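This one's a predicted model, so the numbers in the text were calculated from it and none came from an experiment. Keep in mind that the numbers below use all heavy atoms, side chains included, and drop hydrogens, waters and symmetry copies. Counting starts at 1 for both ligands and their atoms, in listed order.
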Amino acid sequence: MSATGVLIWAEIADGAATASSYELLGLGRRLADDMGGPLSAVVLGPESAAAIEQLISRGADSVYVFDDPDQSEFHTDAALLVLEAAADKVEPALFLLPHSSYGTELAPRLAFRNESAPAMGCVDGRVEDGKLLLTRPCYGGRARAVVSFRSAPAIATLRPKSQEPLAAEPGRQGETISLDINIPPETIRVNVRERRQNVEQGVRLDEAEIVISGGRGLGGPDGFKILEELADALGGAVGASRPACDLGWYPQAHQVGISGKTVAPDLYIAVGISGAGQHMAGCAGAKVLVAINKDPDASIFSYAHIGIASEYQEILPEILELIRR
Ligand SMILES: Cc1cc2nc3c(=O)[nH]c(=O)nc-3n(C[C@H](O)[C@H](O)[C@H](O)COP(=O)(O)OP(=O)(O)OC[C@H]3O[C@@H](n4cnc5c(N)ncnc54)[C@H](O)[C@@H]3O)c2cc1C
C-alpha cells in the first residue's frame with residue numbers, strides 16, 4: 001500500500017466524537033483526496049460505538065476501533081500502541097491529531113517512534129506539487145509558517161476551531177475494523193488516580209456564539225461581574241486575556257489566546273484588551289470583533305470591526321441596559 005492516506009486520532013467524550021475530531025476529518029478529507037489516499041480514524045475505549053457512525057458520516061472511509069473495557073481511562077501509553085496498530089494497516093502519509101492535552105503528548109512520542117518530526121499547533125494544510133504543506137502560527141501568532149516534512153510519516157496536531165468540520169452525510173458508508181491487540185499492563189506507566197470535572201456553568205467558552213472577554217484594563221476581578229451579566233443577557237460566555245488569568249482575576253480555563261483557548265464565535269467583544277498577537281491568535285476566527293478600550297491608539301482597534309474608545313465602566317452599563325430592554 002502506498003503512503004497516501006491520512007490517519008486521524010478521534011477523541012471521544014461522553015460517547016460522542018468531539019467537535020475537534022470533526023475538524024480533523026474536515027482537513028484530513030481534503031488532504032487525503034489531494035494525495036489520492038483514504039481517510040481513516042482511530043478510536044479507543046468502550047464508549048466508541050456511537051462515535052463510529054458519526055465519524056463515517058463526516059468523512060472517514062474506515063474507523064479502527066480498540067474497544068477494550070480496560071481502556072475506560074485514557075492512557076497515552078495504550079493510545080500509542082493502538083495508533084501504531086492502525087498505522088500498520090493504513091500506512092498513512094500523515095497522522096493528524098487534535099492539539100489537545102492528549103494530542104500534544106501523543107504527537108511527539110509518535111514522531112520519536114517513527115523517527116519523524118511533529119508539526120505542532122497547525123491551523124491548515126494543503127498539497128502542492130505532490131508535497132504536503134502545513135501552516136501554523138509563529139512569533140506568538142503574528143505570522144504563519146508553512147512547513148513541509150523531510151521525514152515520513154508526517155505527524156501534526158491541529159488547533160481547535162481552525163477548520164470547518166464537514167457536515168454529516170446520513171447513510172454514508174464506511175468500514176469498521178476492530179483492532180485485536182494485547183496491551184500488557186506493564187506498558188501503562190501512568191495511572192489515573194482521580195478525575196475532576198471542570199464545572200462550567202452556562203455556555204461553554206469554546207462552543208459559544210458570543211464571547212465577551214476581559215483583560216488587564218478591567219483593573220481587577222470585580223470588572224468581570226459586568227462581563228458575566230452581559231454574557232448572561234446575550235447567552236454568551238466570558239473569556240479573559242492571559243494577564244487577567246495570571247493575576248487570578250478569572251479562571252485559567254477561560255484564557256483566550258495562543259497559550260489558552262481558540263474561539264471562533266459570531267461575536268467577540270474584547271474589553272480592556274490591548275490586542276497583543278498572542279491574544280488575537282485565539283480569537284482571529286471571530287466573525288465580528290468589537291473592541292472597547294480607553295486608548296484610541298490601542299492595537300486592538302486595527303483588528304476590530306467596531307471600535308469603542310471609552311472607559312469600559314462608562315459604556316458597558318449602557319450597553320447592558322439597552323440589551324436588557
Ligand atoms: C509565549 C506567550 C504566550 C502568550 N499567550 C497569551 C494568551 O494565550 N492570551 C493572552 O491574552 N495573552 C498571551 N500572552 C501575553 C500577551 O503578549 C499580552 O501581554 C497580553 O495579551 C496582554 O493582555 P491585556 O490586553 O489584557 O493587557 P494589556 O496589554 O495591559 O492591555 C490592557 C488594555 O486595557 C486598556 N484599558 C485600561 N483601562 C481601561 C478601561 N478602564 N476601560 C477600557 N480599556 C482600558 C488599556 O488601554 C490597554 O490597551 C502571551 C505572551 C507570551 C510571551
Side-chain angles (χ1 to χ4, degrees), residues 20 98-101 103-104 119-123 136-145 157-162 198 200 204-206 208 210-231 236-265 267-286 289-322:
S20 26
H99 195 72
S100 61
S101 52
T104 51
M120 306 296 287
C122 298
V123 292
R136 58 182 187 173
C138 60
Y139 299 119
R142 284 193 186 87
R144 297 211 159 180
T157 64
L158 181 72
R159 281 186 177 274
K161 298 280 178 187
S162 56
N198 187 20
E200 280 196 55
R204 277 179 56 124
L205 176 61
D206 44 7
I210 299 176
V211 174
I212 300 113
S213 281
R216 190 160 24 205
L218 293 188
D222 287 348
F224 278 91
K225 287 191 185 131
I226 189 151
L227 265 56
E228 284 176 342
E229 287 180 60
L230 199 59
V238 174
S241 72
R242 180 162 162 174
C245 297
D246 287 352
L247 290 162
W249 298 353
Y250 217 66
Q252 208 275 327
H254 291 254
Q255 183 185 317
V256 172
I258 199 149
S259 50
K261 289 204 166 118
T262 305
V263 296
L267 174 62
Y268 189 81
I269 308 177
V271 187
I273 292 178
S274 57
Q278 293 89 350
H279 184 84
M280 301 319 292
C283 60
L289 172 65
V290 178
I292 301 173
N293 196 306
K294 71 173 185 185
D295 174 7
D297 295 324
S299 57
I300 187 104
F301 289 129
S302 64
Y303 299 95
H305 300 98
I306 300 169
I308 304 171
S310 162
E311 300 263 354
Y312 81 91
Q313 298 92 328
E314 283 172 19
I315 192 79
L316 273 191
E318 281 183 43
I319 294 176
L320 184 59
E321 178 63 26
L322 277 172

Colleague: Please report the closest heavy-atom contact between Cys245 and Pro251, naming both atoms and the distance.
Modeller: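 What the structure gives for the nearest pair is SG-O, 3.6 Å.
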Colleague: Heavy atom of Pro243 under 4.0 Å from ligand 1?
Modeller: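 A heavy atom of Pro243 does come that close to ligand 1.
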Colleague: For residues 212-223, which side-chain N or O atoms pair as donor and acceptor with protein atoms under 3.5 Å away, sequence neighbours left out?
Modeller:
{"residue": "Ser213", "atom": "OG", "partner": "Tyr268", "partner atom": "OH", "Å": "2.8"}
{"residue": "Asp222", "atom": "OD1", "partner": "Lys225", "partner atom": "NZ", "Å": "3.2"}

Colleague: Filter on salt bridge (Lys or Arg N to Asp or Glu O under 4.0 Å), then keep only pairs touching residues 237-254, sequence neighbours left out; what's left?
Modeller: Arg242-Asp246
Colleague: Checking a contact table here: which protein heavy atom is nearest atom 36 (N) of ligand 1, and how many Å away?
Modeller: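 Atom 36 (N) of ligand 1 sits closest to the protein heavy atom Gly217 CA, 3.5 Å.
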Colleague: State the atoms of ligand 1, each with its element, that fall below the 4.0 Å cut-off from a heavy-atom position in Ser310.
Modeller: 42 (N), 43 (C)
Colleague: Would Gly215 count as a polar contact of ligand 1, with the cut-off being nitrogen or oxygen pairs under 3.5 Å?
Modeller: no
Colleague: With a 4.0 Å cut-off on heavy atoms, is Gly260 in contact with ligand 1?
Modeller: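 Checking ligand 1 against Gly260, which is what was asked, there is a heavy-atom contact under 4.0 Å.
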Colleague: Nearest heavy atom to atom 48 (C) of ligand 1 wins, so pick from Asp297, Ile315, Asn293, Asp295.
Modeller: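 Among Asp297, Ile315, Asn293, Asp295, the closest heavy atom to atom 48 (C) of ligand 1 comes from Asn293.
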Colleague: Look at atom 31 (O) of ligand 1 and find which of Gly219, Ser299, Ser274 reaches it with the closest heavy atom.
Modeller: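 Going through Gly219, Ser299, Ser274 one by one, Ser274 has the nearest heavy atom to atom 31 (O) of ligand 1.
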Colleague: So is Ile300 in contact with ligand 1, going by heavy-atom distances below 4.0 Å?
Modeller: no
Colleague: Let me see the working for Tyr250 and Glu228 under side chain to side chain donor-acceptor pair (under 3.5 Å), right down to the final yes or no.
Modeller: CA-CA 11 Å; Tyr250 217 66; Glu228 284 176 342; 2.6 Å; yes
Colleague: Is any N or O atom of Ile258, backbone or side chain, closer than 3.5 Å to an N or O atom of ligand 1?
Modeller: yes
